[in-house]
*Asks:* 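Structure in structure tokens, see below.
No experiment lies behind these values; they were computed from the predicted model shown.
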Amino acid sequence: MADPRPTPLTIVGLGPAGLDRLPPTLRTVLEDPGRTVVLRTMRHPAAAELTVRRAVTACDDLYEQAAGFDDVYAAIADRVMAVAAAGAVVYAVPGSAVVGERAVRAIRTRAEAAGIAVTVYPGESFLDLVWARTGCDPITDGAQVLDGRALPDPLQLHVPTVITQLDRPEVLGDAVVALGRTLPDDTPVIVLDRLGDADEV
């Protein structure tokens, strides 16, 4: 699956849980001493495990310094591209590298403009586990995925709906209010947390 030779820029999705869910070939890429690893965040099971095995560069500090998420994504892209200019780099993100990862899009755009080859290993998305746990088939049943930080108004719930990015109390509160305006009080809602981990709820 993974080419053992370092490429200038490799982007890896870490999946929803620990390194044990990744194929051995991807673990080899992540542990390759010939590549610098940049983690979007260390607040993820696989990322935390990786920091025990090798030196990494994390981007958590950029979240603390930036005024907003657009600034964070730009700063992450700056950091990854600076490392890529010096040698082979792996940029690793929680979940899938191609689902909801705006910094990945920015990095790929910059790499293409700079003529830097990019290899992407998407990884398992939390959405794969959402469909498995709920029994929803997004093709047969239809489905939509919404960003809790930017819910549409009015909220359209004509198909099974996943609201994600509920990572702060105020974002969760806004989502609850939006659902309350749209759905009867007795409508069942499924809450899914830490999917794929041993303590998933």
*Asks:* Between OH of Tyr121 and CG of Leu26, what distance do you get to the nearest 0.5 Å?
*Replies:*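 Rounded to the nearest 0.5 Å, the OH-CG separation comes to 7.0 Å.
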*Asks:* Check the hydrophobic clustering (I, L, V, M, F, W, Y; side-chain heavy atoms under 4.5 Å; chains of links allowed) and say if Val38 and Ile116 are grouped together.
*Replies:*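 Yes, one cluster joins them.
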*Asks:* How many angstroms lie between atom OG1 of Thr41 and atom CG of Asp60, to the nearest 0.5 angstrom?
*Replies:*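 That separation rounds to 3.5 Å.
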*Asks:* For Cys136 versus Pro160, what's the shortest heavy-atom pair and its separation?
*Replies:*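 Heavy atoms of Cys136 and Pro160 come nearest at SG-CB, 3.9 Å.
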*Asks:* Please determine whether side chain to side chain contact (heavy atoms under 4.5 Å, CB included) holds for the pair Val37 and Val89, giving the CA-CA distance in whole Å, both sets of side-chain angles, and the decisive distance to 0.1 Å.
*Replies:* CA-CA 6 Å; Val37 172; Val89 60; over 6 Å; no
*Asks:* Crowded around Arg194 CZ? As in, over 12 foreign heavy atoms under 6.0 Å?
*Replies:*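 Yes, the 6.0 Å shell around CZ holds more than 12 heavy atoms from other groups.
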*Asks:* Verify the cluster assignment for Val99 and Trp131: are they in a single hydrophobic cluster under the rule of side-chain heavy atoms below 4.5 Å apart?
*Replies:*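 Result: yes, single cluster for both.
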*Asks:* Applying the 4.5 Å side-chain criterion to the ILVMFWY set and letting contacts propagate, would Val104 and Val98 be lumped into a single cluster?
*Replies:*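 Cluster IDs for Val104 and Val98 match.
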*Asks:* Let me confirm one number: the CD-SG distance from Glu64 to Cys59, rounded to the nearest 0.5 Å.
*Replies:*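 So the CD of Glu64 and the SG of Cys59 are separated by 11.5 Å.
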*Asks:* Tell me whether Val145 shares a hydrophobic cluster with Leu195, the cluster being built from Ile, Leu, Val, Met, Phe, Trp, Tyr side chains joined at under 4.5 Å.
*Replies:*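 Same cluster: Val145 reaches Leu195 through Ile, Leu, Val, Met, Phe, Trp or Tyr contacts under 4.5 Å.
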*Asks:* Of the non-hydrogen atoms in Val159 and Gln144, which two are nearest, and what is the gap between them?
*Replies:*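 For Val159 and Gln144, the tightest heavy-atom pair comes out as CG2-N, 3.9 Å.
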*Asks:* Taking Tyr63 as the starting point, is it possible to reach Tyr91 by hopping between hydrophobic residues whose side chains are less than 4.5 Å apart?
*Replies:*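 Shared cluster, yes.
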*Asks:* Does the Thr109 side chain pair with the main chain of Arg105, one donor and one acceptor, at a distance under 3.5 Å?
*Replies:*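 Indeed, once roles are kept as given, a pair shorter than 3.5 Å links the two residues.
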*Asks:* Distance check, rounded to the nearest 0.5 Å: Phe69 atom CZ versus Gln165 atom CD?
*Replies:*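 Reported value, rounded in 0.5 Å steps: 7.5 Å.
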*Asks:* Return the set of residues passing side chain to side chain donor-acceptor pair (under 3.5 Å) with Glu112 (not counting sequence neighbours), or none when no residue passes.
*Replies:*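 Checked Glu112 against side chain to side chain donor-acceptor pair (under 3.5 Å); zero matches.
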*Asks:* Let me have the donor-acceptor pairs involving side chains of residues 176-193, under 3.5 Å, with sequence neighbours excluded, atom names and distances please.
*Replies:*
residue	atom	partner	partner atom	Å
Thr182	OG1	Ala178	O	2.9
Thr187	OG1	Pro184	O	2.9

*Asks:* Kindly give the heavy-atom pair with the smallest separation between Leu151 and Leu155, and that separation in Å.
*Replies:*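 Nearest pair, atom of Leu151 first, then Leu155: CD2-CD1, 4.3 Å.
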*Asks:* What's the separation between atom CD in Glu101 and atom CD1 in Ile11, rounded to the nearest 0.5 Å?
*Replies:*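 Result: 9.5 Å between the selected atoms.
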*Asks:* Report, as yes or no, whether the 6.0 Å neighbourhood of atom CZ on Arg168 holds more than 12 heavy atoms from other residues, nucleotides or ligands.
*Replies:*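 Atom CZ in Arg168 is crowded, with more than 12 foreign heavy atoms closer than 6.0 Å.
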*Asks:* So which atom in Pro16 and which in Glu124 form the shortest heavy-atom distance, rounded to 0.1 Å?
*Replies:*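 Between these two residues, the closest heavy atoms are CD-OE1, 3.4 Å.
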*Asks:* Do Val90 and Leu30 come close enough that some side-chain heavy atom pair is under 4.5 Å?
*Replies:*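 Yes, close enough: below the 4.5 Å cut-off.
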*Asks:* So which heavy atom on Leu14 is nearest to which on Leu22, and how close?
*Replies:*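 Residues Leu14 and Leu22, closest heavy atoms: O-CD2, 3.6 Å.
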*Asks:* Would you say Arg35's side chain and Thr10's backbone share a donor-acceptor pair under 3.5 angstrom?
*Replies:*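 A pair under 3.5 Å: no.
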*Asks:* I need the minimum non-hydrogen distance between Asp20 and Glu49, along with the two atoms involved.
*Replies:*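 The answer is N-OE1, 4.4 Å.
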*Asks:* Side-chain atoms of residues 70-82: list all donor-acceptor pairs with protein atoms under 3.5 Å, sequence neighbours left out, distances to 0.1 Å.
*Replies:*
residue	atom	partner	partner atom	Å
Asp70	OD1	Arg102	NH2	2.3
Asp78	OD1	Arg110	NH1	2.3
Asp78	OD1	Arg110	NH2	3.4
Arg79	NH1	Ala58	O	2.8
Arg79	NH1	Asp61	OD1	2.9
Arg79	NH2	Asp61	OD2	3.0

*Asks:* Measure the OG-CG distance between Ser96 and Leu127 for me, rounded to the nearest 0.5 Å.
*Replies:*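 If we round to the nearest 0.5 Å, Ser96:OG and Leu127:CG are 8.5 Å apart.
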*Asks:* Any sub-3.5 Å donor-acceptor pair from His44's side-chain atoms to Gly15's backbone N or O?
*Replies:*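 Flag set: sc His44 to bb Gly15 pair under 3.5 Å.
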*Asks:* Using a strict cut-off of less than 4.0 Å between a Lys/Arg side-chain nitrogen and an Asp/Glu carboxylate oxygen, indicate whether Arg149 and Asp167 qualify as a salt bridge.
*Replies:*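 Salt bridge present between Arg149 and Asp167.
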*Asks:* Between Asp174 (side chain) and Val171 (backbone), is there a donor-acceptor pair under 3.5 Å?
*Replies:*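 No; zero donor-acceptor contacts below 3.5 Å.
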*Asks:* Thinking salt bridges, do Glu31 and Arg53 make one under a 4.0 Å N-O criterion?
*Replies:*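 The answer is yes: the pair qualifies as a salt bridge.
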*Asks:* Quick check against the 3.5 Å criterion: does Asp137 have a side-chain atom that pairs as donor or acceptor with the backbone of Thr140?
*Replies:*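 Confirmed, Asp137 side chain pairs with Thr140 backbone.
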